[in-house]
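Remember, it's 1-based here, ligands and their atoms both numbered in the order they're listed.
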Amino acid sequence: MTLQDKTDLGGMTLSEMEAYIVSIGQSKFRAKQINDWIRRGCDFAEMTNLPRALRDTLETTCYTGLPRIAEKYVSAIDGTVKYLFEFPDGQCVESVVMFYHHGTTICISSQVGCRMGCKFCASTIGGKVRDLSASEMLGQIEVAARDIGERIDGVVMMGIGEPLDNYENTVRFLHLVTSPDGGGIGARHISLSTSGLADKIRALEKEDLQITLSISLHAPNDETRSAIMPVNKKFGIDELLSAAKHYFDVTGRRVSMEYTLISGKNDTVRDALALAATLRRYFARGDALHINLIPVNPVRETGFAAGSRESVRAFADTLEQNGFTATVRRTLGPDINASCGQLRRANLQNKERTPV
Ligand code: SAH
C-alpha cells in the first residue's frame with residue numbers, strides 16, 4: 001500500500017477517528033487511545049495498549065503524519081532548536097523551536113519547497129515539491145514537543161511553504177491544532193504568515209479562527225514589491241492591504257506586517273515614509289497593525305544583504321514618528337542557521353553529492 005492509499009488518522013478529529021475505527025470493526029474507545037498516542041508524538045509501533053494485531057493493521061493501512069528527526073541543532077547562544085524533519089516518502093522540511101519568557105513557540109513548514117518565487121528566500125529555490133497534509137503540519141509540533149519534553153504554547157506558520165497556497169490542509173490543520181483533542185493550542189497563540197494571496201485571506205476570515213494574520217509586505221509600493229515578490233503581479237498592494245484590513249474588521253485581530261529590510265532595495269528612510277503613507281491609506285488606526293522589521297538573512301544564492309544597524313534603526317524610528325509601532329526582530333539561533341529553507345537546501349545538496 002502506498003502512502004497516498006493510507007488512511008490519514010493524524011489529520012482526523014477525534015470524532016472522525018472514532019467513526020473510522022468503528023468502520024473497521026473495532027471498539028470506539030480505541031480511537032481515543034490512538035489519538036492520545038499520536039498527539040504525544042508516538043507512532044503505531046509504540047501504541048502498547050493496543051492489541052498487536054490492531055497495531056500491525058494500522059501500521060500497514062494508516063498514516064500518522066509524524067516525521068522522523070533527520071537532523072537536529074541546538075543553539076549554544078539561546079537554546080533555539082532547529083529540526084530537519086523527514087516524512088516517510090523521504091521529503092524533508094524544517095521546524096524551529098524558540099524559547100521566549102512568555103512561552104515556547106514553534107515555527108512550522110506548510111509545504112515541501114514553495115512556488116511563490118520571492119527573490120530573497122531560500123525556500124523557493126527549486127520550487128514546490130508537494131503540499132503537506134494537516135497531519136504532517138501537526139506532526140512537526142507533536143514530534144518537537146515530545147523531543148524537547150515540554151508543552152509548546154504557540155505556533156507560527158513561517159517555515160517552508162506558503163500556507164495559503166495549501167489552503168484546505170492549512171485550514172484543517174488550524175482547526176485541529178486549536179481543538180482540545182488535537183494540539184490544544186489557543187488560536188490567539190497562532191500566527192499564519194502569507195506572501196499575499198488576497199483571495200485566500202478573504203476566505204480565511206470566514207473560518208471563524210482567532211489566529212493572527214501576518215502579511216509579508218516587504219515593500220512600500222507595487223514597483224518595488226513586484227521586483228522582489230512575483231505574487232504581487234497577481235495581487236497588488238491595494239488588493240492585499242484591502243483584504244488585510246477587511247480581515248481586521250471582521251475578526252478584530254490586529255494584523256502583523258512583516259518587512260524584510262534589504263540593503264539598497266527597500267530600506268531607506270524614504271521607503272519608510274512611503275510605507276507609512278501606504279499603510280495609512282488602509283489602516284487609519286495605528287493600533288490595527290504591528291510592523292515587524294527583519295534585517296534580511298543573507299542566502300548564498302540570492303546575493304541580498306542587510307543594511308547597517310543605523311539604517312535599520314532609522315527605518316524603525318521613521319515608522320514610529322509616523323504613528324506605527326515597529327519592532328526590529330531579534331535574531332534567534334544565529335549559530336545554527338535557524339532561518340528557514342537553508343537546512344533543507346544544504347541537505348538536498350549533500351544528497352546530490354552523495355554517490356549512490
Ligand atoms: N510563505 C509565507 C510564510 C513563509 S516565509 C510568507 O511568505 O509569509 C516566512 C517569512 O520569512 C516571510 O515574511 C518571508 O518573507 C521571510 N523571509 C524569507 N526569506 C527571508 C530572508 N532571507 N531573510 C529574512 N526574511 C525572510
Side-chain angles (χ1 to χ4, degrees), residues 82 93-96 98 105-128 131-132 137 140 155-167 169-170 173-174 190-198 200-201 204 211-219 224-232 234-235 237 240 243-244 247 255-263 265-267 289-307 312 315 326-334 337-346:
K82 174 145 199 172
V93 297
E94 297 172 36
S95 313
V96 181
M98 295 155 288
T105 295
I106 187 168
C107 172
I108 62 157
S109 296
S110 57
Q111 296 176 318
V112 180
C114 183
R115 58 182 189 141
M116 305 315 289
C118 301
K119 298 277 194 286
F120 45 83
C121 183
S123 302
T124 202
I125 305 167
K128 183 186 94 168
D131 287 330
L132 292 189
M137 292 184 227
Q140 296 167 59
V155 182
V156 294
M157 300 191 80
M158 286 196 182
I160 297 170
E162 167 51 54
L164 296 186
D165 183 42
N166 181 14
Y167 187 81
N169 290 327
T170 291
F173 159 74
L174 290 170
I190 297 174
S191 304
L192 182 151
S193 181
T194 178
S195 57
L197 297 174
K200 297 293 181 354
I201 293 173
L204 191 67
I211 60 164
T212 301
L213 177 68
S214 270
I215 306 284
S216 297
L217 190 58
H218 304 330
T224 307
R225 195 165 194 271
S226 293
I228 52 175
M229 300 180 72
V231 64
N232 197 66
K234 186 156 184 212
F235 301 103
I237 286 185
L240 176 56
Y247 186 89
V255 176
S256 285
M257 292 289 157
E258 308 295 316
Y259 197 103
T260 295
L261 291 160
I262 308 171
S263 181
K265 296 271 179 208
N266 64 358
D267 71 334
L289 60 87
H290 184 88
I291 305 168
N292 286 312
L293 299 174
I294 314 142
V296 75
N297 181 36
V299 174
R300 191 162 43 85
E301 290 91 335
T302 67
F304 289 161
V312 173
F315 198 96
T327 311
V328 180
R329 276 254 201 98
R330 201 155 57 97
T331 313
L332 289 175
N337 221 343
S339 315
C340 64
Q342 306 197 33
L343 193 55
R344 176 173 167 264
R345 277 202 65 67

Step-by-step side chain to side chain contact (heavy atoms under 4.5 Å, CB included) determination, M157 to M137: CA-CA 9 Å; M157 300 191 80; M137 292 184 227; 3.7 Å; yes
Test: R115 and E162 ion pair at under 4.0 Å: no
Candidate pair L213 and L192, rule side chain to side chain contact (heavy atoms under 4.5 Å, CB included), full reasoning: CA-CA 5 Å; L213 177 68; L192 182 151; 4.3 Å; yes
Ligand 1-proximal atoms of T260, by part, heavy-atom distance under 4.0 Å: side chain
Atoms of ligand 1 close to C121 [distance to a heavy atom under 4.0 angstrom, numbered from 1]: 18 (C), 19 (N)
Side chain to side chain contact (heavy atoms under 4.5 Å, CB included) between H218 and R225, intermediate numbers included: CA-CA 7 Å; H218 304 330; R225 195 165 194 271; 5.6 Å; no
Nearest option to atom 4 (C) of ligand 1, as decided by whichever heavy atom of S193, S123, G159 sits closest: G159
side-chain contact (heavy atoms from CB on, under 4.5 Å), paired with L217, selected from L289, L240, T260: L240
Close N or O approach (M158, ligand 1; < 3.5 Å): no
Those atoms of ligand 1 less than 4.0 Å from some heavy atom in G161: 1 (N), 2 (C), 3 (C), 4 (C)
Heavy-atom closest pair, residues V155 and F173: CG1-CZ, 4.4 Å
Numbered atoms and elements of ligand 1 in range of S195, under 4.0 angstrom, heavy atoms: 6 (C), 7 (O), 8 (O)
contact_flag M229 ligand 1 heavy-atom lt 4.0 Å: no
Derivation and outcome, side chain to side chain contact (heavy atoms under 4.5 Å, CB included), residues V112 and L132: CA-CA 7 Å; V112 180; L132 292 189; 3.7 Å; yes
Under 3.5 Å: N/O of V296 near N/O of ligand 1: no
For H218, the ligand 1 atoms whose distance to one of its heavy atoms is below 4.0 Å: 13 (O), 14 (C), 15 (O)
Test applied, side-chain contact (heavy atoms from CB on, under 4.5 Å); reference residue, T194; option that passes from V231, L164, T170, L204: L164
Ligand 1 versus I160: contacting region, heavy-atom distance under 4.0 Å: neither
Numbered atoms and elements of ligand 1 in range of V299, under 4.0 angstrom, heavy atoms: 22 (N)
